[in-house]
Amino acid sequence: MQMESGSSTNLATVASELEPDHRFVLFLMAAETANQRYEEFNEESDLSHSIILYQTALELCPIHHPDRSIILNNLSVALRVRFDKTGEIANRESAIGLGIRLRERFDQTGEMEGLDEAIGYHREQLSKCPVGHPERPIALNSLGIGLRRRFKHTGDKAELDEAIGHY
């Protein structure tokens, strides 16, 4: 599959011919291709394109499909890479929002993998917000919420203690 500028329109045309529950796969494959190009050539346009394609794949993927966690993970990694590269607040906000979406996925499915991923993601975001940073309270709160949810699921008091420590 060739990744060219404007290929999203071509993908949409091809995707419209597929069964609705399978359309996301085409966008996921295209996102992986754009991401691989970014890793090989370090072109920011490839990274941006992969993020758009991952977002489209996520929108099209049925909520309980097993590949949804793969898309969420890959999208979160791409957003983190873009934030690390640019330092732009909008990228951090997108990244924080993705962590929240991962928690919501856990709420819907009960799969610990999504919650663990969200907590790891929130920990990383917190590590990038030094004391005094304007987004540190958001990162602390997001991590605390994830840890509290994991405590409710596992009953592990250490999770609750850590959550309290972040408030």
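- Considering only residues two or more places apart in sequence or on other chains, R68 meets the salt bridge (Lys or Arg N to Asp or Glu O under 4.0 Å) condition with none of them.
- Residues that satisfy the ring-ring contact (aromatic ring centres under 6.0 Å, His included) test with H153, not counting sequence neighbours, are F106.
- Partners of Q36 according to the side-chain hydrogen bond (donor to acceptor under 3.5 Å, both in side chains) rule, which considers only residues two or more places apart in sequence or in another chain, are E40.
- By the salt bridge (Lys or Arg N to Asp or Glu O under 4.0 Å) test, D116 pairs with R150, sequence neighbours left out.
- A distance of 9.5 Å separates CZ in F27 from CD in E59, rounded to the nearest 0.5 Å.
- Atom CD1 of residue I71 and atom CG of residue L28 lie 5.0 Å apart, to the nearest 0.5 angstrom.
- Separating the CZ atom in R149 from the CD1 atom in I119 is a distance of 10.0 Å, to the nearest 0.5 Å.
- Within 6.0 Å of CD on E39 lie more than 12 heavy atoms contributed by other residues, nucleotides or ligands.
- Inter-residue side-chain proximity for Y38 and S48 is flagged as unmet; no heavy-atom pair is nearer than 4.5 Å.
- Residues that satisfy the salt bridge (Lys or Arg N to Asp or Glu O under 4.0 Å) test with E111, not counting sequence neighbours, are R105.
- Nearest heavy atom pair, residue L47 against residue A78, reads CD1-O, 3.9 Å.
- D161 meets the salt bridge (Lys or Arg N to Asp or Glu O under 4.0 Å) test with K157; sequence neighbours excluded.
- Interatomic distance, NE2 of H49 versus OG1 of T33, reported as 9.5 Å (0.5 Å rounding).
- Residues H65 and C61 share a closest heavy-atom pair of CB-SG, 3.6 Å.
- Of the possible donor and acceptor atoms, none in the side chain of S142 sits under 3.5 Å from a partner among the backbone N and O of A139.
- Between the CD atom in E44 and the CZ atom in R82 there is a gap of 8.0 Å [rounded to 0.5 Å].
- To the nearest 0.5 Å, atoms CG (N74) and CD1 (I51) are separated by 11.5 Å.
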